[in-house]
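Since the structure comes first, as structure tokens, the remarks are kept for the end.
Labels below follow one simple rule: chain letters A, B, ... track the order of the sequence lines, proteins then strands, and each chain is numbered from 1.
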There are 4 protein chains.
Amino acid sequence: MARTTDGEGTPVPQRLLATATRLFAEQGYDRTSVQEIVEKAGVTKGALYHYFGSKEDLLQEVYARVLRVQQERLDAFAGSGEPIEDRLRGAAADVVVTTIDNLDDAAIFFRSMHHLSPEKHKQVRSERRRYHERFRALVEEGQRSGVFSSATPADLVVDYHFGSVHHLSTWYRPDGPLTKQQVADHLADLLLRALRP
Amino acid sequence: MARTTDGEGTPVPQRLLATATRLFAEQGYDRTSVQEIVEKAGVTKGALYHYFGSKEDLLQEVYARVLRVQQERLDAFAGSGEPIEDRLRGAAADVVVTTIDNLDDAAIFFRSMHHLSPEKHKQVRSERRRYHERFRALVEEGQRSGVFSSATPADLVVDYHFGSVHHLSTWYRPDGPLTKQQVADHLADLLLRALRP
Amino acid sequence: MARTTDGEGTPVPQRLLATATRLFAEQGYDRTSVQEIVEKAGVTKGALYHYFGSKEDLLQEVYARVLRVQQERLDAFAGSGEPIEDRLRGAAADVVVTTIDNLDDAAIFFRSMHHLSPEKHKQVRSERRRYHERFRALVEEGQRSGVFSSATPADLVVDYHFGSVHHLSTWYRPDGPLTKQQVADHLADLLLRALRP
Amino acid sequence: MARTTDGEGTPVPQRLLATATRLFAEQGYDRTSVQEIVEKAGVTKGALYHYFGSKEDLLQEVYARVLRVQQERLDAFAGSGEPIEDRLRGAAADVVVTTIDNLDDAAIFFRSMHHLSPEKHKQVRSERRRYHERFRALVEEGQRSGVFSSATPADLVVDYHFGSVHHLSTWYRPDGPLTKQQVADHLADLLLRALRP
DNA sequence: TATGAATGAGCTTTCATTCAT
DNA sequence: TATGAATGAAAGCTCATTCAT
């Protein structure tokens, strides 16, 4: 009996995660009650606590998903055999597109990280740092080979770019004048232009 | 006897505002209880509600202060008679220094805005937009006169830069390798380099 | 094991309602704290809010119960085939007995109605008006058929009687010289005597 | 310098009492805050506490005023040399008119009495009883002389009438179909008719 | 696998009153 | 006479979590 009525086709855990993600993004983690999540997901509190140990676990799942996807995509771009300029441009644009595709995740990511318990917080930050370092490695590679200017420390360059990515959830609107691909190309272009020797 | 006995000489409202700012930045607005604020400020709850109508009013005061300062500083830079390149560079670096000088305010600004009631939220966003537009006008002026490249819409350029400013509270540490002035110069430089024709 | 361990065998919601009714009658709605209700009922605040949406909901429940009972009893008397004089006397005496049987409810009814939110207040008043109109119809029937004097508008007659019913909770004491049935007979008698042509 | 601007001509204590009376009647004693009273009266809290020892004192003043007036008026009617029938009818009608003239006082009187401290409550009740007894004496005088029926104990008769007086604030509207004098005559008439032998 | 009653600590806010000036 | 800052207790309500079934 494969049901599709009322979103009940999706398994309970996924449904909970999707609902929680949306609500966390819309209202913030603290403003979203467990009661609200289960009501909107059409299940009961007992069910939620059957699948997730706590409200915080839901939040961490969101992070885990985001981190996994971003790491994989960056690895793909960084590992291609193309010239460094193309690899950096590709990665820089891709993280914009992916972020726009998951604006909710992004909003949560940058706004609610401090709601995690210290240990989980530390773990997420360390994974995030790994991602950041791999990105920085691309910049440094270009600087060493003289393709990029070395006027600015690579660290700062990366933070400059990720600042703008972080900022997307604040201003990007799907019905705005630019498609996500256009935004991505523009932002990647700004990065590359700033790095011209 | 010009000072009250308990702890500080600073007047109660200021003391409350300073304490609240620090706590909001450290723990987030929702995670900070009124009880905690008054305890750390060394007053009672009644005193807080004597001066501020609600917890939210404290948050709004933080915003009002930040917006006022930033608007004034930008006006000073934009209105100087210098060449457009210098005016934009000056303003871009100054907002970085000012932000670092008030990292707590900045952290609150970008993380807690959505905790304001809809009407106050709207008001802050509209003041913020005015600031953004004045900044954009500088970029457009340079683009029109050919000093800056027109490859990227001015809007996007401004969001790119403010993304990095916004991001500062995430990574900047006073005891890091770079002084705030060095960071400011680097970030302004990245902006100007990206705008080279 | 058909009973819970703590104190009473009665289900929690009923226990809460009974306790609240008694306290509201004794001290008034505003003077009765939720804390006091749950303590006297032997449950926790969380339990109360599990069953009732708010303190006001408890009050409305009291009203709903009273209105239902009174309406039913009046219908029974009004619908009997007896002469109008007997029907009015029966109803007039019965409302006195019922009121004395539930003096707490009555005290709350007339003293705390204005504590309800406007919409609930309106709803209770409209149900109350229906009851009042059915009673008035009895008086009018007797006036039309000449059994009762028409010197006084039926409306006023009804208010005159219900004023005394309302007043019962102020002076009636179970250990006083008159039984509730005697009081009821006397008050009904006064009404009928006043209506003699 | 006799001011009349802005209601400031009236002395502060009177202004406070009038404002408090209105607010107590409209919202109930507990729902009316001292802050609200002083704001609406155009003075400060310090001023209120200069003239009145506490919020409760304001309430007691309302009672004192009502009791004094009613007692005086009843004495006047009872002491006239007229036939008992006319004296009772006069007093019964007069209490209705006076009550309608001060509906706010009446509403407070019957609704907020239990907000007084036990000792003040007791004092008010005892004064109220004196009033009640003087009224009852009129009924008994008529019963002894055979002008009124003795079918109903005089006590009950008095409660019957005062129940309707008490009830006035619930239903009487100045813009209704009957003038206060008409209502008073009708209610006195009902009482006298019920007492016909 | 799921329910939902119940907990208990914590939240923001209100308020009558006091007191130095 | 009057001010208004400050107090401190108590109010109504929310919520993540547990647990017997």
From E/dT13, E/dC15, E/dA2, nucleotide with atom closest to A/V12 side chain: E/dA2
Side-chain N or O of C/Y49 closer than 4.0 Å to phosphate OP1/OP2 of F/dT14: no
C/K55 side chain, from C-beta outward: closest of E/dT13, F/dC13, E/dA6: F/dC13
Heavy-atom side-chain proximity of C/E127 to C/R68 below 4.5 angstrom: no
Earlier contact from the 5' end, DNA chain E, for B/G46 and D/G46: B/G46
Intra- and interstrand pairs of DNA chain E - dot-bracket, Watson-Crick/G-U under 3.5 Å, | marks other strand: .||||||||||||||||||||
Side-chain touch A/R125/A/H121, heavy atoms, less than 4.5 angstrom: yes
Interatomic distance, C/L48 CG vs E/dG4 P [rounded to whole Å]: 20 Å
B/F52 CZ - F/dA5 P separation (whole Å): 12 Å
For C/Y49 against C/K55, the heavy-atom pair lying closest together: OH-N, 4.3 Å
Touch class at under 4.0 angstrom, heavy-atom based, for A/Y51 against every strand present: sugar-phosphate
Phosphate OP1/OP2 of E/dC11: any B/S33 side-chain N/O under 4.0 Å: yes
5′-ward residue of the pair C/R31/C/G53 relative to DNA chain F: C/R31
B/H50 side-chain N/O to F/dA6 phosphate OP1/OP2 under 4.0 Å: no
More than 12 heavy atoms from other groups under 6.0 Å of CZ on C/R65: yes
Close side-chain approach of A/R111 to A/F24, heavy-atom, < 4.5 Å: no
Distance in angstrom units between B/E56 CD and E/dT13 P, rounded: 9 Å
Smallest separation among heavy atoms of A/T19 and A/R15, with atom names: OG1-O, 2.7 Å
Nearest-angstrom distance from the residue atom CG of C/L16 to C1' of E/dA5: 12 Å
CZ/B/R31: more than 12 non-hydrogen atoms of other groups inside 6.0 Å: yes
Interatomic distance where CD belongs to C/E39 and P belongs to F/dA10 [whole Å]: 11 Å
D/L48 to D/L16 - nearest heavy-atom pair and separation: CA-CD1, 3.9 Å
For atom CD of D/Q27 and atom P of E/dT14, their distance in whole Å: 15 Å
Distance, rounded to the nearest Å, where C/L59 contributes CG and F/dG12 contributes C1': 15 Å
Earlier contact from the 5' end, DNA chain F, for B/P13 and C/S54: B/P13
A/A47 side chain, from C-beta outward: closest of F/dA2, E/dT3, F/dA6: E/dT3
Distance-only donor-acceptor test (3.5 Å): side chain A/K45, base F/dT17: yes
E/dT1 and F/dT21, which share atom name P, separated by this distance in whole Å: 22 Å
Atom pair distance, as rounded to whole Å: CD in A/Q35 and C1' in E/dT3: 13 Å
